[in-house]
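Report on one structure; see the data block that follows.
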2 protein chains.
Amino acid sequence: MSVATKTRIKEPPKAEARGGENRREALLDAAAAMFAAKGYDGTSIRDIAGAVGMLPGSLYYHFKSKEDLLLAVYRKGVARFEEAIAEALGQTPAEPWHAIEAACAAHLSTLLDGGDYARIVSPEFVRSFPPEVLPVLNTERDRYERHFEKLIAALPLGAETDRWLFKVSLFGSLNWSQTWYRKGHYTPRDIAAAFIAMLRNKEA
Amino acid sequence: MSVATKTRIKEPPKAEARGGENRREALLDAAAAMFAAKGYDGTSIRDIAGAVGMLPGSLYYHFKSKEDLLLAVYRKGVARFEEAIAEALGQTPAEPWHAIEAACAAHLSTLLDGGDYARIVSPEFVRSFPPEVLPVLNTERDRYERHFEKLIAALPLGAETDRWLFKVSLFGSLNWSQTWYRKGHYTPRDIAAAFIAMLRNKEA
DNA sequence: GATGCTACCAAACAAGCGATTGCTATGGCA
DNA sequence: TGCCATAGCAATCGCTTGTTTGGTAGCATC
């Protein structure tokens with residue numbers, strides 16, 4: 001803004017020599033895929049660069065370190081989850097049990113069918129990350145979980161039910177699915193419905 | 001036993017030059033602690049050997065490879081879980097809901113307060129292990145989970161409840177606790193009671 | 001037609017890794 | 001006394017890691 005004078009439009013420097021902006025995106029995709037498949041430590045800069053036909057050193061033009069690359073991938077992963085439940089809640093009746101079931105189904109399908117970016121976000125993965133980045137990661141995750149806390153607060157649960165334990169129990173059930181899920185047997189919708197049905201006690 | 005003839009007791013070769021058998025045990029303890037703290041990849045042979053005042057090469061007298069060491073630690077971890085629930089089930093009334101709650105409490109206290117060995121067993125960890133050892137690990141874990149399958153089979157659940165989904169849901173809730181548990185707020189018993197109460201619908 | 005920026009190559013760096021080898025001091029047993 | 005297994009030291013090998021540095025082809029602008 002405030003360039004004003006004459007036709008001096010220096011701001012967008014075009015940036016399209018050969019591969020343009022999508023080389024960076026290609027690196028992100030490759031990194032997400034390889035992190036998901038072999039873990040952070042198990043993936044080398046050489047692997048990632050090689051996957052897009054680039055030399056290891058060249059990657060440092062786009063990302064200043066391996067951690068920086070990881071962070072970019074992670075953020076994209078969290079974003080997928082947020083978009084998914086935002087969309088699900090947008091088109092669902094406000095009835096509390098229906099709402100949380102829809103959110104769970106969205107969470108599950110992102111986690112299970114959401115591609116490599118989503119897979120990175122799971123704590124099973126985070127464990128393998130360098131400790132320095134954990135605070136940043138947790139901040140992002142907490143923001144996401146807050147959506148679920150709101151949905152749980154709206155549920156007509158008995159007074160004896162600890163809503164915080166309810167949340168961690170539910171999240172555990174959902175995220176654990178990564179360890180056993182295989183395509184074809186159950187759909188994310190089925191799983192979400194079954195889990196919510198088990199937790200929904202007393203009046204049907 | 002059955003040494004019999006004369007005083008030829010060659011079988012136990014004494015093995016007590018300087019540190020005896022407990023040097024190997026010390027290595028196991030150190031490995032468990034460091035694997036738990038920094039992951040498999042994050043821990044070097046140098047770290048482990050150094051922690052017990054040994055040079056890296058000397059470790060290879062006790063274990064033939066880093067993977068071998070990992071496997072020994074893992075097995076000890078699974079054993080802890082099996083002992084814990086065996087003991088819990090031994091001193092618990094046969095009433096199905098009480099039984100599974102006791103097993104869950106035992107599982108949780110092993111997972112959360114059971115020390116470094118137990119921590120290794122969690123799939124959050126297994127993810128970082130070299131792929132070659134996974135089949136062995138899964139065999140051990142499956143055997144353990146079968147105890148819970150039996151307990152779940154005995155529960156008076158409605159016909160609409162998928163007992164397999166019940167199992168994975170419960171295991172998810174339990175194992176997820178590793179990500180949020182901090183000593184002092186809830187005890188493993190409290191958590192187990194709360195989780196089971198949530199799942200125990202209909203008749204009180 | 002010189003300048004400058006983008007996007008990359010080519011080569012190397014220091015550090016750390018798991019593992020191997022040859023050797024040695026110790027102590028029980030014959 | 002001689003023998004052999006135990007338990008470890010000392011040194012090193014070959015390899016991979018994340019990262020840095022210097023250079024350069026291609027294009028846009030002045």
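Only heavy atoms go into these numbers, but all of them, side chains included; no hydrogens, no water, no symmetry mates. Letters go in sequence order (proteins before strands), and every chain restarts at 1.
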Rounded to whole Å, how long is the line connecting atom CE of A:M54 with atom C1' of C:dA10?
15 Å
Set of salt bridge (Lys or Arg N to Asp or Glu O under 4.0 Å) partners for A:E145, sequence neighbours left out:
A:R141, A:K167
List in chain and number order the residues that pass side chain to side chain donor-acceptor pair (under 3.5 Å) with A:T92, two or more places apart in sequence or in another chain; answer none if no residue qualifies.
none
Under 4.0 Å, counting only non-hydrogen atoms across every strand here, what does A:G53 touch: a base, just sugar-phosphate, or nothing?
sugar-phosphate
Under 4.0 Å between a side-chain N or O of A:Y61 and OP1 or OP2 of C:dA7?
yes
Tell me, please, which residues at least two apart from A:T43 pass side chain to side chain donor-acceptor pair (under 3.5 Å).
none
Main chain of A:L157, side chain of A:T161: is a donor-acceptor contact present, judged purely on distance under 3.5 Å?
no
Mind checking what makes side chain to side chain donor-acceptor pair (under 3.5 Å) contact with B:Y181, not counting sequence neighbours?
none
What integer distance in Å separates A:F63:CZ from D:dG18:P?
15 Å
Could you give the CD1-to-P distance, from A:I48 to D:dT19, as a whole number of Å?
11 Å
Short side-chain N/O contact from A:H62 to OP1 or OP2 of C:dC8, under 4.0 Å
yes
Sugar-phosphate atoms are those with a prime plus P, OP1 and OP2; base atoms are the rest. Using that split, label each nucleotide of nucleotides 18-24 of chain C B, S or - for protein heavy atoms under 4.0 Å, 5' to 3'.
BBB----
So, using side chain to side chain donor-acceptor pair (under 3.5 Å) as the criterion, who are the partners of B:D162 when residues are at least two apart?
A:Y186
To the nearest Å, give me how far apart CG (B:L55) and P (D:dT12) are.
14 Å
